Trainee: 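Have a look at this one before I ask anything.
Just the heavy atoms: all of them, side chains too, but no hydrogens, waters or symmetry mates, feed the values below. Source: prediction; values computed, not measured.
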Amino acid sequence: MSTATDTKRAERNAPAGERVADWADGRLGIYTLAKANMRKIFPDHWSFMLGEICLYSFIIIILTGVYLTLFFTPSMNEIVYHGPYVPLQGVRMSEAFASTMEISFEVRGGLLIRQIHHWAALIFIAAMMVHMMRVFFTGAFRKPREVNWLFGFLLLVLGMFTGFTGYSLPDDLLSGTGVRFTQGAILSVPVVGTYISMFLFGGEFPGHDFVGRFYSIHILLLPGIMLALLVGHLILVVYHKHTQYAGPGRTEKNVVGMPLLPVYMAKAGGFFFLVFGIITVVAAIATLNPIWSIGPYRVDQVSTGAQPDWYMGFAEGLIRVMPGWEINAWGHTLALGVFIPLLIFPLVLGAIAVYPFIESWVTGDKREHHILDRPRNAPTRTGFGVAWLTAYFIMLIGGGNDIVATHFNLSINAITWFVRIFFFAGPVLAFIITKRICLGLQRRDREKVLHGRESGIIKRLPHGEFIEVHEPLSQGDLFTLTSHDQYEPIEVGPTVDENGVERKVSLVKKTQAKLSQGFYGEGNQIPKPTAEEYKEITSGHGHH
């Protein structure tokens, strides 16, 4: 009885926080959950911070977006401006534009918050692209992370369209030009294009509803989906455990690094404020979208040098450099100059979404992978990634052909033809060059394993020959350079069995074998040095 009394007395005397935690543990089991997850290990490598930048910039977007919604009016109703910005006084504009002017000039800290919100959006999408390229080049998308790769891809695409709807809300001349551009692309879709346009804009462009509709999409629909994808992405990261780079003591069954608490959380918290601080400094120094100097949107005007945010430059470049082809039949016009780029844009984006499944099928590899590849050890994959980036950035040049022409005193027609040609030739050249570089780096690694590292010390032999002394690599370096897998290409096998009967081989199997040869056949990877070769070299035969 005294024991129970003492226990109750101790519970009453415990700090309030401990009593609340005990109450929650009795109903939710948080102690067991915390014990299982708070000491989870995360690898310590700078490249993993790219994903954190994505997360932190997304949090900054949400925080600043909530503040901006308190003052923004999503309405196309026309009013006459009488605010503090004198050059626009007496000008008719929408309430959306007027409220953005109020945020910029009358709300305390409003302009800074607008700039932080816009810069965080740009950095969020840039960080997502760089993060996905890190995952792509290191093969972190392989089993069991294919679903997580798709989550990341959807976050990238939804982030692009969330950004587009966001910078369209102020109803200024620049964003209005971009919306008109989008409406023209929608109209190029056969049969249903006009219906989609009427539904989106609530009638003929620009209508009176598109700002309100974009506002709902921007602050509710797309962020809600992105938040759900982000939570699912993080859950899968924890469930699958983190990938790590090859090295001594690192296997497919362990993770070498620091625990979540207290080390990783302390670093992550500091890094969040560092990212927030840098974005704030950039936002305070470099102004984005100064709507007061652009003016409100009018359907009969186009802003000079109209450029979308960088992540939409690829889509604009496709349309700018596409010839103005049309097909006229049965009283209808199909604008191929807009419709074809509208088809190419999702195909180029979708290529990176489906690549993990293509590589898994080509290699026939169904194993789980938690150790990352060095990009040089997967030259075909690395070549494809660089080719994709080359196509993307070439089209960015096409999307800004007028700006490039005026700033560098070049012919806009010459720039357009350059983009047209190199959109096809550039990725091919990039693939070939990247692959050769990767193979060259593999050869260097092979030489380094067999002959050691160049020391820079020159030694003269008794017979007068000068040689450079090579230092042998440590066991850790040898393991890092030789621990990667080298796939054998899939073979179709004999087409005739032992009885001389022709064996039918499906077209799918032939295609798989052909692609496998292209990935891992002769000339596509440098054989790793064998233990016998290493022993022969290091035993003194020709080793300096």
Trainee: For residues 136-162, pull every pair meeting salt bridge (charged side-chain N to carboxylate O under 4.0 Å, His left out), keeping only residues two or more places apart or in separate chains.
Mentor: Arg142-Asp373
Trainee: Measure from the side-chain N and O atoms of Ser516 to the backbone N and O of Ile490, and report whether any donor-acceptor pair falls under 3.5 Å.
Mentor: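 Here the side-chain-to-backbone pair exists.
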Trainee: Ring pair (Phe, Tyr, Trp, His ring centres under 6.0 Å) with Trp149: which residues, sequence neighbours excluded?
Mentor: Phe141
Trainee: Tell me which pairs pass side-chain hydrogen bond (donor to acceptor under 3.5 Å, both in side chains) where either residue lies in residues 425-437, with sequence neighbours left out.
Mentor: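 Matches after skipping sequence neighbours: Lys435-Asn524.
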Trainee: Using the ring of each side chain (for Trp, its six-membered ring), is Phe314 parallel, tilted or perpendicular to Tyr392, with breaks at 30° and 60°?
Mentor: parallel
Trainee: Atom CD1 of Ile196 and atom CD of Gln183: how far apart are they, to the nearest 0.5 Å?
Mentor: 11.5 Å
Trainee: Go through the steps to decide whether Val386 and Phe137 satisfy the test side-chain contact (heavy atoms from CB on, under 4.5 Å), and finish with yes or no.
Mentor: CA-CA 9 Å; Val386 174; Phe137 287 125; 4.1 Å; yes
Trainee: Applying side-chain hydrogen bond (donor to acceptor under 3.5 Å, both in side chains), name anything that partners His45, two or more places apart in sequence or on another chain.
Mentor: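 By the side-chain hydrogen bond (donor to acceptor under 3.5 Å, both in side chains) rule, His45 matches Ser47.
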Trainee: Which residues pass the ring pair (Phe, Tyr, Trp, His ring centres under 6.0 Å) test with Phe418, not counting sequence neighbours?
Mentor: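 Once residues adjacent in sequence are excluded, the partners of Phe418 under the ring pair (Phe, Tyr, Trp, His ring centres under 6.0 Å) criterion are Phe422.
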Trainee: If you apply the rule side-chain contact (heavy atoms from CB on, under 4.5 Å), what do you find for Val256 with Asn254, and how did you get there?
Mentor: CA-CA 7 Å; Val256 177; Asn254 71 351; 4.1 Å; yes
Trainee: Determine, stepwise, if the pair Gln115 / His117 fulfils side-chain hydrogen bond (donor to acceptor under 3.5 Å, both in side chains).
Mentor: CA-CA 5 Å; Gln115 296 297 300; His117 187 73; over 6 Å; no
Trainee: Measuring from atom SG of Cys54 to atom CG of Leu230, what distance do you get when rounded to the nearest 0.5 angstrom?
Mentor: 9.5 Å
Trainee: Would you give the length of the straight line joining atom CZ of Arg134 to atom CG of Leu50, rounded to the nearest 0.5 angstrom?
Mentor: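 One gets 7.0 Å once the value is rounded to the nearest 0.5 Å.
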Trainee: For Arg180, check salt bridge (charged side-chain N to carboxylate O under 4.0 Å, His left out) against everything at least two apart and list the hits.
Mentor: none
Trainee: Is there a side-chain contact between Leu229 and Leu158 (heavy atoms, below 4.5 Å)?
Mentor: yes
Trainee: Quick one: do the Gln244 and His242 side chains pair a donor with an acceptor below 3.5 Å?
Mentor: no
Trainee: Given Met129 and Met160, is the side-chain contact (heavy atoms from CB on, under 4.5 Å) satisfied, shown in steps?
Mentor: CA-CA 11 Å; Met129 182 168 284; Met160 293 170 62; over 6 Å; no
Trainee: Could I get the full list of ring pair (Phe, Tyr, Trp, His ring centres under 6.0 Å) partners for Phe153, not counting sequence neighbours?
Mentor: none
Trainee: Please table the atom pairs, donor to acceptor, closer than 3.5 Å between any side-chain atom in residues 336-361 and protein atoms at least two apart or in another chain.
Mentor:
unit_1 : atom_1 : unit_2 : atom_2 : d
Tyr355 : OH     : Glu359 : OE1    : 2.8
Glu359 : OE1    : Arg381 : NE     : 3.1
Glu359 : OE2    : Arg381 : NH2    : 2.8
Ser360 : OG     : Asp365 : O      : 3.4

Trainee: Any sub-3.5 Å donor-acceptor pair from His118's side-chain atoms to Arg114's backbone N or O?
Mentor: no
Trainee: What are the two closest non-hydrogen atoms of Leu372 and Ala140, and how far apart are they?
Mentor: CD2-CB, 3.5 Å
Trainee: Going from CD on Gln525 to CZ on Arg376, what distance comes out if it is rounded to the nearest 0.5 angstrom?
Mentor: 15.0 Å
Trainee: Parallel under 30°, tilted from 30 to 60°, perpendicular over 60°: which one fits the rings of Phe272 and Tyr56?
Mentor: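 Ring orientation, 0 to 90° scale: perpendicular.
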Trainee: For residues 310-327, which residue pairs pass the side-chain hydrogen bond (donor to acceptor under 3.5 Å, both in side chains) check, not counting sequence neighbours?
Mentor: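 Sorted pair list: Asp309-Tyr311, Glu316-Arg320, Arg320-Asn401, Arg320-Asp402.
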Trainee: Where do Lys528 and Asp485 land on the salt bridge (charged side-chain N to carboxylate O under 4.0 Å, His left out) test, with the steps shown first?
Mentor: CA-CA 9 Å; Lys528 291 192 298 184; Asp485 292 328; 5.8 Å; no
Trainee: Tell me if the NZ atom of Lys514 is crowded by more than 12 foreign heavy atoms within 6.0 Å.
Mentor: no
Trainee: Show, in sequence, the C-alpha distance, side-chain angles and deciding distance for Ile371 and Thr251, and conclude whether the side-chain contact (heavy atoms from CB on, under 4.5 Å) test is met.
Mentor: CA-CA 7 Å; Ile371 300 295; Thr251 69; 5.7 Å; no
Trainee: Filter on salt bridge (charged side-chain N to carboxylate O under 4.0 Å, His left out), then keep only pairs touching residues 235-256, sequence neighbours left out; what's left?
Mentor: none
Trainee: For the pair Trp417 (side chain) and Ile412 (backbone), establish whether a donor and an acceptor sit closer than 3.5 Å, ignoring hydrogens and angles.
Mentor: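 It does not hold such a pair.
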Trainee: Looking only at heavy atoms, which two atoms of Tyr167 and Pro308 are closest? And how far apart?
Mentor: OH-CB, 3.5 Å
Trainee: Tell me which pairs pass side-chain hydrogen bond (donor to acceptor under 3.5 Å, both in side chains) where either residue lies in residues 153-166, with sequence neighbours left out.
Mentor: Thr165-His218
Trainee: Looking only at non-hydrogen atoms, find the nearest pair between Pro529 and Leu450 and report the distance.
Mentor: CB-CD2, 3.6 Å
Trainee: Show your reasoning for whether salt bridge (charged side-chain N to carboxylate O under 4.0 Å, His left out) applies to Lys267 and Asp44.
Mentor: CA-CA 11 Å; Lys267 287 188 175 183; Asp44 188 12; 3.8 Å; yes
Trainee: Atom CG in Leu150, atom CG in Leu155: separation rounded to 0.5 Å?
Mentor: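 Leu150 atom CG to Leu155 atom CG measures 11.0 Å (nearest 0.5 Å).
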Trainee: Between His131 and Gly51, what is the shortest heavy-atom contact and its length?
Mentor: ND1-N, 3.6 Å
Trainee: Tyr520 versus Thr380: any side-chain heavy-atom pair under 4.5 Å?
Mentor: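 No; the side chains remain at least 4.5 Å from each other.
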Trainee: Do Thr416 and Asn413 have side-chain atoms, one donor and one acceptor, less than 3.5 Å apart?
Mentor: no
Trainee: Locate the shortest heavy-atom distance separating Ser168 from Phe214; write the atom from each residue and the value.
Mentor: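 Shortest heavy-atom separation between Ser168 and Phe214 comes out as CB-CD2, 3.8 Å.
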Trainee: Examine distances only and state if a side-chain atom of Thr390 and a backbone atom of Gly426 form a donor-acceptor pair shorter than 3.5 Å.
Mentor: no
Trainee: Does any part of the side chain of Tyr245, heavy atoms only, come nearer than 4.5 Å to the side chain of Thr138, both counted from C-beta?
Mentor: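 With C-beta onward as the side chain, the pair touches.
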Trainee: To check you understand the geometry: which heavy-atom pair defines the closest contact between Ser483 and Ala246, and what is its length?
Mentor: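 So the minimum-distance heavy-atom pair works out to OG-CB, 3.6 Å.
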Trainee: Could you check whether any side-chain heavy atom of Thr511 comes within less than 4.5 Å of a side-chain heavy atom of Lys509, counting everything from C-beta outward?
Mentor: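 The answer is no; the side chains never approach within 4.5 Å.
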Trainee: Step by step, work out the ring-ring contact (aromatic ring centres under 6.0 Å, His included) result for Phe519 and Tyr487.
Mentor: CA-CA 9 Å; Phe519 269 68; Tyr487 293 97; 9.7 Å; no
Trainee: Excluding sequence neighbours, so at least two apart, what forms side-chain hydrogen bond (donor to acceptor under 3.5 Å, both in side chains) with Arg453?
Mentor: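 Arg453 satisfies side-chain hydrogen bond (donor to acceptor under 3.5 Å, both in side chains) with Asp477 once adjacent residues are dropped.
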Trainee: Using a 3.5 Å distance criterion without hydrogens, assess whether the side chain of Gln442 forms a donor-acceptor pair with backbone atoms of Ile526.
Mentor: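 Pair found, side chain donor or acceptor close to backbone of Ile526.
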Trainee: Find the distance between CD1 (Ile294) and CG (Leu173) and round it off to the nearest 0.5 Å.
Mentor: 7.5 Å
